[in-house]
2 protein chains.
Amino acid sequence: MSPRSYEHPDTEAIALPRVLFALSEPLRLHMVRMLAERGEVDSIELGPELPRSTLTHHTSLLRESGVVFVRGEGRKCLIRLRGEDLEDRFPGLLGTVLSAAESADEEPGA
Amino acid sequence: MSPRSYEHPDTEAIALPRVLFALSEPLRLHMVRMLAERGEVDSIELGPELPRSTLTHHTSLLRESGVVFVRGEGRKCLIRLRGEDLEDRFPGLLGTVLSAAESADEEPGA
DNA sequence: GTAATTGTGCGAAAATTCTCGAACAGTTAT
DNA sequence: ATAACTGTTCGAGAATTTTCGCACAATTAC
């Protein structure tokens with residue numbers, strides 16, 4: 001009945017340093033970018049090649065820092081960005097970070 | 001004659017994850033906010049109560065990540081934000097982070 | 001029911017970061 | 001030159017983060 005229960009910080013409780021730290025890890029930044037593109041995704045899509053416990057570690061950190069919302073669906077877990085909450089809390093932040101990540105991509109060698 | 005020499009990454013070489021990591025540390029974020037307010041400041045102002053080696057550690061990390069520019073002046077060292085370079089590299093990023101930090105301040109108890 | 005699948009929690013090891021004292025180098029003042 | 005002052009470097013220890021195997025819980029398929 002209760003697939004699983006995940007704790008999420010209230011929007012007002014989202015802390016800037018923790019968000020920045022969550023986004024500062026290349027792997028997690030990549031996950032966030034994928035979430036921005038695809039919307040809600042199956043957790044496995046965020047890192048099919050990763051050991052499960054490693055994947056759980058990163059998704060949990062993103063969740064605890066207030067960046068993503070996680071919900072259990074059957075035996076899978078679905079993840080989506082807390083875009084609106086982040087926009088309310090830190091207007092423009094997620095957007096500029098995502099744009100910055102895109103622009104960094106366009107540099108080939110660098 | 002040569003007061004001291006500091007290495008700085010080229011603007012194009014500034015990496016997003018490193019910038020986010022630099023800003024994710026509360027102490028460094030506080031330094032950056034002070035730099036945004038005051039412009040170029042004496043390094044000691046960024047943390048008068050800190051051990052000098054700790055202060056050097058953080059200013060070096062900010063410099064190596066491309067967030068600040070450091071120059072020696074006599075026996076002191078002066079630090080300023082690389083606002084334009086960051087704006088060129090990651091438009092809007094520094095501004096939104098600073099705004100977010102301000103808005104986080106206004107919350108009393110949190 | 002059993003088996004297969006998916007995610008979580010635990011624990012430990014590796015890597016990184018943070019802190020800071022001590023010795024050192026460069027600058028300024030006397 | 002001597003002394004005072006500022007920042008850097010080195011080193012080590014503490015704290016944190018990252019990784020990941022393994023056992024476990026929950027769900028689905030058979």
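First the proteins, then the strands, lettered A, B, ... as listed; each starts at 1. Computed over heavy atoms, backbone and side chain alike; hydrogens, waters and symmetry mates excluded.
Between F69(A) and H8(A), the ring planes are parallel. Angles under 30° get that label, and only those over 60° would be called perpendicular.
Heavy atoms of S60(A) sit nowhere under 4.0 angstrom from any nucleic acid atom.
R52(B) contributes no side-chain N or O that forms a donor-acceptor pair with the base of dT6(D) under 3.5 Å.
Under the side chain to side chain contact (heavy atoms under 4.5 Å, CB included) rule, L46(A) has a single partner from V68(A), L27(A), T59(A), which is T59(A).
Annotation: side chain of R82(A) is in contact with side chain of P9(A) (closest heavy-atom distance under 4.5 Å).
Contact check, Y6(A) against dT8(C): a side-chain N or O comes under 4.0 Å of OP1 or OP2. Listed pair S43(A) / dT6(C) fails the phosphate criterion, with no side-chain N or O lying under 4.0 Å from OP1 or OP2. Applying the 4.0 Å criterion to OP1 and OP2 of dG7(D), one finds that T56(B) has every side-chain N and O outside that range.
One finds no salt bridge joining R63(A) and E7(A) here, because no Lys/Arg side-chain nitrogen approaches an Asp/Glu carboxylate oxygen to under 4.0 Å. Classification of R33(B) and D105(B) as a salt-bridged pair holds, one side-chain N sitting under 4.0 Å from a carboxylate O. The existence of a salt bridge linking R89(B) and E87(B) is excluded, since no basic side-chain nitrogen approaches an acidic carboxylate oxygen closer than 4.0 Å.
In the set dG7(D), dT19(D), dA4(D), the nucleotide with an atom closest to the side chain of H58(A) is dT19(D). Side-chain proximity of D42(B) to dG7(D), dT8(C), dC5(D): nearest is dG7(D).
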Between N or O atoms, less than 3.5 Å apart, protein on one side and nucleotides 10-17 of chain D on the other: list the pairs.
none

